[in-house]
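Residues take their numbers from the sequence shown, with the count starting at 1.
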Amino acid sequence: QVQLVESGGGLVQAGGSLRLSCAASGRTFSSYTMGWFRQAPGKENEFVASITRSGDETYYADSVKGRFTISRDNAKNMVYLQMNSLSPEDTAVYYCAAARYVSTAQAVAVMVMEGMNYWGKGTLVTVSL
């Protein structure tokens, strides 16, 4: 079993940057393809970014491509989401999620967060004008 704890959210002005972190428990972290999802107020959760077990492949939603970067450190059981050029449309609760039997980053993009094996409680990102 994997437990995921997100951190790094907060209030930032438009154009600013934040780095989200996701700490994973368990010795099998490197066996999971990881993803970030987000849920804005009044909206369904949506895919943001994903990364394969080894970190050699990443995939992004069109809305964040070129602004966000996902990375992982298997030695530390950590996943990160570097977010640059933030806009108010990025305001949401961001969730880290893990998929055990998904081998490509692109496959995560068509999944809903509840289809992943595990997810955290989220961290709130608020972007002001």
- prompt: For the side chain of T91 and the backbone of T126, is there at least one donor-acceptor N/O pair under 3.5 Å apart?
  reply: no

message: I'd like to know if M113 and V2 are part of one continuous hydrophobic network [Ile/Leu/Val/Met/Phe/Trp/Tyr, side-chain heavy atoms within less than 4.5 Å].
response: no

- prompt: If only atom types and distance count, is the side chain of Y60 paired as donor or acceptor with the main-chain N or O of I70 below 3.5 Å?
  reply: yes

- line: Correct closest heavy-atom pair for A98 and Y32 would be CB-CD2, 3.7 Å

message: Does K65 have more than 12 heavy atoms from other residues, nucleotides or ligands lying within 6.0 Å of its NZ?
response: yes

- prompt: Under a single-linkage definition using a 4.5 Å side-chain heavy-atom cutoff for Ile, Leu, Val, Met, Phe, Trp and Tyr, are L18 and V79 assigned to the same hydrophobic cluster?
  reply: yes

Backbone of S7 reached by a side-chain donor or acceptor of T123 within 3.5 Å: no

task: Taking all heavy atoms of S21 and all of Y80, pick out the closest pair and write down the distance.
output: OG-CD2, 3.5 Å

Q3, CD: over 12 other non-hydrogen atoms inside 6.0 angstrom: no

message: Let's go through I51 and T33 carefully: what are the C-alpha distance in whole Å and the side-chain angles of both, what is the deciding distance for side-chain contact (heavy atoms from CB on, under 4.5 Å) to 0.1 Å, and is it a yes or a no?
response: CA-CA 6 Å; I51 188 167; T33 295; over 6 Å; no

- prompt: Could you walk me through whether T69 and M83 pass the side-chain contact (heavy atoms from CB on, under 4.5 Å) check?
  reply: CA-CA 7 Å; T69 302; M83 306 186 297; over 6 Å; no

- prompt: Does the side-chain contact (heavy atoms from CB on, under 4.5 Å) test come out yes or no for C96 and M34, once each step is laid out?
  reply: CA-CA 7 Å; C96 172; M34 301 298 297; 3.5 Å; yes

message: Between the side chains of K121 and E6, is the shortest nitrogen-to-carboxylate-oxygen separation below 4.0 Å, so that they form an ion pair?
response: no

- prompt: Sub-3.5 Å donor-acceptor pair from the side chain of D90 to the main-chain atoms of V125, do we have one?
  reply: no

query: If every non-hydrogen atom of A105 is compared with every non-hydrogen atom of S50, which pair is closest and at what distance?
result: O-OG, 2.6 Å

field: Check: C22 and Y95 side chains under 4.5 Å, non-hydrogen atoms
entry: no

field: Non-hydrogen side-chain atoms of F47 and V112 separated by less than 4.5 Å
entry: no

statement: Residues W119 and L4: closest non-hydrogen pair is CA-CD1, 3.8 Å

task: State, yes or no, whether a side-chain contact exists between V108 and Y59 at a heavy-atom distance under 4.5 Å.
output: no

query: Do R38 side-chain atoms and A92 backbone N/O form a donor-acceptor pair below 3.5 Å?
result: no

- request: Quick one: closest heavy-atom pair of L129 and A14, and the distance?
  value: CA-CB, 4.4 Å

query: Should the pair R72 and F29 be classed as cation-pi, given the thresholds of under 6.0 Å to the six-membered ring centre and 45° from the axis?
result: yes

- prompt: With a 4.5 Å limit on heavy-atom distance, are the side chains of L81 and V48 in contact?
  reply: yes

field: side-chain contact (heavy atoms from CB on, under 4.5 Å) assessment of M111 paired with M116
entry: CA-CA 7 Å; M111 297 175 65; M116 305 286 280; 3.7 Å; yes

- prompt: So with a 6.0 Å cut-off around CD of E44, is the heavy-atom count from everything else above 12?
  reply: no

query: Does R53 use its side chain to pair, donor to acceptor, with the backbone of S31 at less than 3.5 Å?
result: yes

message: Ring-plane angle category for Y94 and F68, please: parallel below 30°, perpendicular beyond 60°, tilted otherwise.
response: tilted

query: Does any donor atom in the side chain of Q106 or T104 lie under 3.5 Å from an acceptor atom in the other side chain?
result: no

- request: Would you mind reporting whether E46 and F37 have side-chain heavy atoms less than 4.5 Å apart?
  value: no

- prompt: Is the backbone of S17 close enough, under 3.5 Å, to the side chain of N84 for a donor and an acceptor to pair up by distance?
  reply: no

task: State, with a plain yes or no, whether a side-chain heavy atom of S128 is found less than 4.5 Å away from one of V12.
output: no

